[in-house]
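Following: one structure in structure tokens, then a few remarks.
Below, each value reflects all heavy atoms present in this structure, side chains not excepted, and no hydrogens, waters or symmetry copies. Lettering follows sequence order; numbering is per chain, from 1. It should be emphasised that the depicted structure is a prediction, and the values quoted were computed from it without experimental measurement.
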Amino acid sequence: MSEITITLPDGNSRKYAAGVTGMDVAKDISTSLAKKAISCSVNGEHRDLSREIEADAAFAIHTMQDDAQALELIRHDCAHIMARAVQELWPDVKVTIGPVIKNGWYYDFDREEPFSTEDLVVIEKKMREIINKKDPVRREVWDRARALQFYRDNNEPYKVELIESIPGDEDLSMYWHGDWQDLCRGPHLVHTAQVPGDGFKLMSVAGAYWRGDSDNAMLQRIYGVAFKNKNDLKAHLNMLEEAAKRDHRKLGREMDLFHMQEEAPGQVFWHPNGWRIYTTLQDYMRRMQTKGGYVEVNTPQVVDRKLWEASGHWEKYQENMFIVEVDEEHAREKAVNALKPMNCPCHVQIFNHGLKSYRDLPLRMAEFGSCNRYEPSGALHGIMRVRGFTQDDGHIFCTEDQIESETKTYINFLSEVYRDLGFEEFKIKFSDRPEKRSGSDEVWDKAEAALLSATRAAGIEPEMNHGEGAFYGPKLEFVLTDAIGRDWQCGTHQVDFVLPERLDASYVGQDGNKHRPVMLHRATLGSFERFIGIMIESHAGKLPFWLAPRQVVVASIVTDANDFCLDVVEALNAAGIRAEADIRNEKINYKVREHSLGKVPVILAVGKKEVEDRTVTVRRLGEKKTVVMSLDEITAELFQAALPPDMLRN
RNA sequence: GCUGCAGUAGCUCAGUGGUAGAGCGCGUCAUUGGUAAUGACGAGGUCGGGAGUUCAAUUCUCCCUUGCAGCACCA
């Protein structure tokens, strides 16, 4: 047997016979280390301690101190332990897969009966029993035939299907947690008791399609979260509780911003407070776009299906469009229209109207375009995913040569807007050709290469999102997250060689001939609805002063101050500040509480003293202390604070 | 759309096979107060909609609808 050299992280090396296990090495280093060891890294590959090492290797032992490895293993072993618990409780349940996800894991089961909340409690208890048994984790490598036979014998059809779909013919690793077994890549902990019995919790049950395909059977997915100890778990659960308080649906009600109702599912009734946010944001976007060289247009809501057929949307999205039919019974003629689900074909109509010259390019066309899409009922989510919304849409008609500079300019534009609105950081994803698409592969090659190189030229290496592009072109997605960490695509930037062709857009080039322009589709906020939802959550309702729907409440302390109170409001309003008087017959404590809960950034209290001195007592949201200021001082200060970021720059 | 859960006063929620209750909010009155809830009294609900079972349904069953979590979808 040959000798191998194991090099430890501190640079020291030790010699062993080939086939030594990680655990052997750990024991050799020290008994206490071996006791604490959970896994190891061999040449950077995370592995079980029981696996044999056959060649010279860089080697490291992992303990619970190594967060990344410890959490991965705890969560992964939780998945196996939960599946074992479920099958011990209900032997007829079929197992499928159970990966580690952010903060925890899930496992998908096929079971006739739905799992109930009570079942989760029972499963958790069973899991703790298994953990306490301190069952060893064992790994074996089987060839495919044996694994397939095993799962056929054990009546686990999903496992059979999994193995059959794994390409190649390499051997498969099988893991045992006690007597319970699962097909798994590993690695795993040494024994079940290394999972902290008080560090995990089962969270919820939900349906999920087998292999993520809605044509397949629906399985039952149980989600769990797991951490290294009870305190970390508690902290996580606490965080979720806090995040729930920032939910835009809750804050929207509390701040009286908007409501939704059964008669118009997925559509927003904006209340005065919410609409003030919306219009303030729209005014800002309009100024920014004007400065960015866009011309603003507006296009029809109800458009004949012919246009959607020409653009290709009818074929691909018909089921998701609101169809508006006119027939002889109701009108004198028959027509099939659709509510505009997006603005691009309409913008091409404007572009096509009259001859365009190469001198007109790039032509940046913008619209605050109202769109309606019949989104699947299960997709609706507060004001983040709705059926009626308004995009800050824009299309840049340009030449191929201009794609790179226009893309760079746009990324800078979007970054400035996001920074202004409080988002310094955001994810950028690059989505390339989907399976169902329009346009030849050559055109797609060209579009993808152009967008990717332009993005890199802007200094960005996007996250790859294969197969997720639009049907007419690849896209960049600018993604923000909500209070509990769910991703939402807000901004987008897409390169499109297809629609100009389908809708016959052209311009006259320098050579006097007709040429096809390239279309860049872009939206910065995405939709006002979604972006406002995200902003509400990220600010926990405490919007920056310039966006706050109610900026100032002037509250009287005694009735004798009411007149002065109204004077102060008038002065502030004259300075363009959104101020309201609260001269109700209530105590100042009551008023302060109510407007603090309503997230009003500034409360000005006026009582006898203030009336005499022509001053106000200023209390800012989130602060306990108050300051006395003259009316002129506070007006000047708030005037400045009320300026939108772009106007502040001028 | 799919799986599961839910819909009771404006909001948060309790409750029951014999047509409903709390707190907050709202209204009236008293109170004129100094920075996160002043007190008293009062009004307010065809218990999401429809059908069925029953002497009797808010309660049980079915259908529909909306919402929530997840999946699928997202031009």
Side-chain angles (χ1 to χ4, degrees), chain A residues 106 108 113-117 203-223 247 249-250 253-254 256 259-266 308 311-317 319-321 340-345 371 373-382 384-386 391 393 431 434 436-438 468-473 475 477 484 486 488-489 492 494 496 499 521 523 526-527 530 555-562 585-598 603-610 617-621 623-626:
Chain A
Y106 67 76
D108 288 347
E113 287 278 293
F115 288 112
S116 67
T117 325
M203 302 296 282
S204 59
V205 195
Y209 296 108
W210 166 236
R211 318 197 97 192
D213 186 337
S214 57
D215 291 333
N216 288 342
M218 178 146 282
L219 307 168
Q220 295 189 62
R221 175 172 297 179
I222 302 180
Y223 285 92
D247 190 309
R249 293 164 294 193
K250 185 175 155 71
R253 197 168 46 237
E254 289 171 0
D256 196 12
H259 85 270
M260 302 173 90
Q261 65 187 49
E262 251 187 30
E263 289 79 357
W308 309 115
S311 68
H313 290 91
W314 186 267
E315 192 196 338
K316 187 152 198 301
Y317 291 110
E319 302 83 75
N320 295 313
M321 284 161 78
K340 175 171 74 174
M342 26 90 71
N343 309 295
C344 4
C371 297
R373 296 180 184 172
Y374 195 80
E375 299 285 10
S377 56
L380 303 179
H381 182 95
M384 306 267 227
R385 184 84 183 268
V386 285
Q391 298 177 323
D393 206 359
S431 300
K436 279 178 104 180
R437 59 180 180 266
S438 219
E468 300 291 317
F471 75 88
Y472 49 71
K475 63 175 180 179
E477 294 176 33
I484 64 168
R486 287 177 289 217
W488 295 91
Q489 179 198 307
T492 184
Q494 310 164 2
D496 177 9
L499 283 186
H521 305 237
S527 83
R530 177 174 296 180
S556 57
I557 296 169
V558 292
T559 315
D560 288 344
N562 285 358
N585 177 13
E586 294 292 350
K587 291 191 171 180
I588 190 64
N589 292 15
Y590 182 90
K591 296 182 181 180
V592 165
R593 176 182 152 82
E594 185 175 294
H595 299 123
S596 297
L597 290 172
I603 298 171
L604 302 182
V606 294
K608 275 191 190 123
K609 273 186 295 191
E610 288 81 1
T617 299
V618 185
R619 180 182 166 126
R620 287 164 217 276
L621 185 58
E623 289 177 22
K624 260 200 138 68
K625 71 169 202 304
T626 57

Quiz item: For the pair made of CG in A:D560 and P in B:rG34, what is the distance, rounded to whole Å?
Solution: 15 Å
Quiz item: Would you call A:E477-A:K475 a salt bridge at under 4.0 Å N-O?
Solution: yes
Quiz item: Taking only residues two or more places apart in sequence, or in another chain, which ones meet A:R593 in a salt bridge (charged side-chain N to carboxylate O under 4.0 Å, His left out)?
Solution: none
Quiz item: Hey, does the side chain of A:E610 reach the backbone of A:G607 with a donor-acceptor pair shorter than 3.5 angstrom?
Solution: yes
Practice problem: Pick base, sugar-phosphate or nothing for A:E610, based on heavy-atom distances below 4.0 Å to the nucleic acid. | Solution: base
Exercise. Identify, with sequence neighbours excluded, every residue that meets side chain to side chain contact (heavy atoms under 4.5 Å, CB included) alongside A:R253.
Key: A:K250
Practice problem: Could you tell me the separation between the NZ atom of A:K587 and the P atom of B:rA36, rounded to a whole number of Å? | Solution: 13 Å
Practice problem: Do nucleotides 67-75 of chain B as a string where each nucleotide becomes B, S or -: B if the base has a protein heavy atom under 4.0 Å, S if just the sugar-phosphate does, - if no protein is that close. | Solution: SSSBBBBBB
Quiz item: Between B:rA37 and B:rC26, how far is it from one P atom to the other, in whole Å?
Solution: 16 Å
Give the table of side-chain donor-acceptor pairs shorter than 3.5 Å for residues 203-212 of chain A, with sequence neighbours excluded, one pair per line with atom names and distance.
residue, atom, partner, partner atom, Å
A:W210, NE1, A:E161, OE1, 3.3
A:W210, NE1, A:E161, OE2, 3.1
A:R211, NH2, A:S165, OG, 2.7

Quiz item: What is the distance from CD1 of A:I222 to C1' of B:rU3, rounded to the nearest Å?
Solution: 13 Å
Quiz item: Just how far, in rounded Å, is P of B:rC11 from NE2 of A:H259?
Solution: 10 Å
Practice problem: Find the distance A:E113:CD to B:rC5:C1' and express it as a whole number of Å. | Solution: 15 Å
Quiz prompt | Test item: A:S556 side-chain N/O and A:T559 main-chain N/O as donor-acceptor pair under 3.5 Å | solution = no
Quiz item: Mind checking what makes salt bridge (charged side-chain N to carboxylate O under 4.0 Å, His left out) contact with A:K436, not counting sequence neighbours?
Solution: none
Quiz item: Taking the same atom, C1', in B:rG39 and in B:rA20, what whole-Å distance lies between them?
Solution: 28 Å
Quiz prompt | Rounded distance in Å between the C1' positions of B:rG48 and B:rA36 | solution = 36 Å
Quiz item: Looking only at atom C1', what distance separates B:rU19 and B:rA57, rounded to whole Å?
Solution: 9 Å
Quiz prompt | A:P341: which of A:Y374, A:Y317, A:W308 passes side-chain contact (heavy atoms from CB on, under 4.5 Å) | solution = A:W308
Quiz item: Is NZ or CZ of A:R221 both nearer than 6.0 Å to the six-membered ring centre of A:Y106 and within 45° of the ring axis?
Solution: yes
Quiz item: How would you label the contact of A:I603 with the nucleic acid (heavy atoms, under 4.0 Å): base, sugar-phosphate, or nothing?
Solution: nothing
Exercise. Give a yes/no answer on whether the side chain of A:Y590 brings an N or O atom under 4.0 Å of OP1 or OP2 in B:rG25.
Key: yes
Quiz item: Tell me: CD of A:E586 to P of B:rA36, nearest whole Å?
Solution: 15 Å
Exercise. Using the C1' atom as the reference point in each nucleotide, state the distance between B:rC47 and B:rA14 in Å, no decimals.
Key: 13 Å
Self-check item: Residue mapping more 5' on RNA chain B - nearest nucleotide basis, A:I557 or A:E263
Solution: A:I557
Practice problem: Between B:rC5 and B:rC74, how far apart are the C1' atoms? Round to whole Å, please. | Solution: 25 Å
Self-check item: Side chain A:R530, main chain A:M384, donor-acceptor under 3.5 Å
Solution: yes
Practice problem: Can you tell me the distance, in whole Å, between the CD atom of A:Q220 and the P atom of B:rC5? | Solution: 10 Å
Quiz item: Do A:T617 side-chain and B:rG34 base share a donor-acceptor contact under 3.5 Å?
Solution: yes
Quiz item: Which ranges of RNA chain B pair up as stems, where a stem means three or more consecutive Watson-Crick or G-U pairs with both distances under 3.5 Å?
Solution: B:1-7 with B:65-71, B:10-13 with B:21-24, B:26-30 with B:38-42, B:48-52 with B:60-64
Quiz item: Using the P atom in both, what is the distance from B:rG52 to B:rU58, to the nearest Å?
Solution: 13 Å
Practice problem: Give A:E254 one of three labels, base, sugar-phosphate or nothing, depending on what nucleic acid heavy atoms sit under 4.0 Å from its own. | Solution: nothing
Quiz prompt | Length of the line joining A:R619:CZ and B:rU35:P, which is rounded to integer Å | solution = 9 Å
Quiz item: Which is true for A:K624 with a 4.0 Å heavy-atom rule: it touches a base, it touches only sugar-phosphate, or it touches nothing?
Solution: sugar-phosphate
Quiz prompt | Check: A:Q494 side chain, A:G469 main-chain N or O, donor-acceptor pair, under 3.5 Å | solution = no
Quiz prompt | Whole-Å C1' distance, B:rU35 and B:rG23 | solution = 25 Å
